[in-house]
Amino acid sequence: PDLFQAPDYYNLDDLLTDEHKLVRESARAWVKREVSPIIEEYAQRAEFPKQIIKGLGEIGGFGPYIPAEYGGAGLDQISYGLIMQEIERGDSGVRSTSSVQSSLVMYPIWKYGNEEQRLKYLPKLATGEFMGCFGLTEPDHGSDPGSMITNFKDMGDHYLLNGAKMWISNAPFADIAVVWAKNEEGRIHGLIVERGMEGFTTPETHNKWSLRASSTGELIFDNVKVPKENLLPNKSGLGAPLGCLDSARYGIAWGAIGAAMDCYDTALRYAKERIQFGKPIGGTQLQQKKLAEMITEITKAQLLTWRLGVLRNEGKATTAQISMAKRNNVDMAIHIAREARQMLGGMGITGEYSIMRHMMNLESVITYEGTHDIHLLITGMDVTGIPAFKS
Ligand code: TGC
Ligand code: FAD
């Protein structure tokens with residue numbers, strides 16, 4: 001059984017409303033019931049468990065902050081964060097599906113789409129009847145998406161889309177893709193591409209050692225005719241996809257805390273029960289150092305993220321503040337996963353425990369949505385005013 005107990009060392013629950021706690025409890029109970037018992041098997045098989053899609057929608061995992069009139073849960077940013085924390089406590093790959101659907105598919109349709117597009121897609125995305133993916137990264141343009149080459153031409157009654165995207169979460173089974181491409185003037189726009197359009201294929205990426213329970217693929221556009229009404233009309237330029245990333249990265253900052261909490265909780269439990277040299281390993285100074293540092297780092301990350309949530313609720317959080325939290329928390333989680341894995345000795349490398357899966361998953365999380373380096377450079381640019389990544 002899933003025995004997980006969430007640490008709350010600084011009584012952070014006192015900062016939450018009853019609604020926050022209710023939302024978190026329902027997500028936590030669902031993860032214990034529907035995700036934890038099956039996820040290891042799906043990760044080992046490198047398969048996304050599609051049967052959880054409906055439940056993910058029911059706990060607010062798809063569009064938690066999208067208004068109820070479009071089928072979203074209409075929750076605030078703290079509730080959104082808490083849902084991500086609970087889902088990633090189960091598995092980063094499942095949280096990826098939730099992040100992509102919510103912040104990278106529903107968010108741009110809500111913010112940059114017109115009313116017809118919102119009504120056509122958002123309610124079905126909120127329940128999981130439609131699944132979406134987000135195509136920004138290309139084989140030759142990852143950290144620097146502004147240099148993308150995927151493009152579309154105005155053919156009068158439709159657009160003609162050509163190019164390729166790589167490393168796209170949910171691509172192999174998504175019904176729709178929000179694709180970022182340049183027009184003939186080189187301006188970036190978002191287009192909704194639907195499965196079944198001629199010339200559009202989504203081959204799966206195999207042999208990942210990380211995020212194995214998430215399905216990743218390519219998006220290939222070979223003269224795809226996209227109807228004109230599928231262009232997102234209300235924002236263009238690189239700022240449009242970057243605006244979606246703000247929302248997804250914020251969710252990841254919370255999600256990483258969930259993965260770290262699960263590793264800490266598992267290691268603490270094990271350390272109290274595992275006897276070596278006649279006493280629990282948790283009674284040794286070396287293992288206590290690891291546990292004490294873990295709970296300290298989790299608590300710091302919780303405070304950082306809670307404050308960021310308040311700023312987001314007030315509409316005041318900056319991109320650089322979000323970068324700091326994403327970078328700090330994912331790094332924190334990956335360190336905790338590595339230390340926790342060692343605390344379990346040989347048992348730590350097996351699928352009997354969740355730690356090694358979290359550790360491998362976090363290698364993707366520290367890379368996607370802006371690498372660890374890129375977020376440091378965003379902070380560097382923010383404090384100096386000089387972008388170090390540009391020539
Ligand atoms: P830069 O010149 O800084 O900016 C270009 C234009 O965008 C504006 N802008 C923003 N607008 C809205 N929100 C933001 N957060 C914005 N940040 C910048 C900016 O004002 C400018 O506007 P304008 O009108 O002057 O044109 O752009 P740059 O090319 O120098 O790049 C900056 C950099 C490196 C920080 C950016 O490219 C970046 O963040 N790169 C990382 C790429 C990345 O994160 N890719 C993620 C792909 S999606 C993914 O990984 C999903 S994983 C699945 C899951 O979530 O689980
Ligand atoms: P590169 O940009 O080639 O970077 C390689 C290395 O160089 C990194 O260490 C990087 O930090 C470093 N580097 C780059 N530029 C600089 C610089 N100026 N200064 C110093 N160091 C630098 N993308 C999507 O669009 N949609 C998705 O759904 C999606 N899902 C993903 C799922 C998974 C499992 C993975 C692994 C990736 C996913 N991505 C997705 C892509 C992800 O966002 C990119 O992998 C990421 O942005 C990095 O791009 P890259 O892999 O091309 O690495």
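Every number for a ligand or one of its atoms is a count from 1 in the order of the listing.
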With a 4.0 Å heavy-atom cut-off (strictly under), which part of Lys208 contacts ligand 2: side chain, backbone, both or neither?
neither

May I ask you to identify the nearest protein heavy atom to [atom], giving residue, atom name and distance to one decimal place in Å?
atom	value
atom 4 (O) of ligand 1	Leu242 CD1, 4.2 Å
atom 30 (O) of ligand 1	Lys390 CE, 2.7 Å
atom 51 (C) of ligand 1	Glu369 OE2, 3.5 Å

Check this for me - ligand 2, His141, N or O atoms closer than 3.5 angstrom, yes or no?
no

Within the 4.0 Å heavy-atom shell around Asp373, which atoms of ligand 2 are there?
9 (O), 10 (C), 11 (O), 12 (C)

Hey, which atoms in ligand 2 end up nearer than 4.0 Å to a heavy atom of Ile168?
24 (C), 25 (O), 26 (N), 27 (C), 28 (O)

Could you tell me whether some N/O pair between Asp144 and ligand 1 is separated by less than 3.5 angstrom?
no

Answer yes or no for Asn170: is there a heavy-atom contact with ligand 2 below 4.0 Å?
no

Under the 4.0 Å line, does any protein heavy atom show up next to atom 3 (O) of ligand 2?
no

Flag: protein heavy atom within less than 4.0 Å of atom 46 (C) of ligand 2
yes

Which of the numbered atoms in ligand 1 are below 4.0 angstrom from a heavy atom of Leu104?
51 (C)

Which ligand 1 atoms does Arg95 reach within 4.0 Å, using its non-hydrogen atoms?
56 (O)

Take Thr202 and Arg195 through the side-chain hydrogen bond (donor to acceptor under 3.5 Å, both in side chains) test and state the conclusion after the steps.
CA-CA 9 Å; Thr202 59; Arg195 184 170 296 284; 3.2 Å; yes

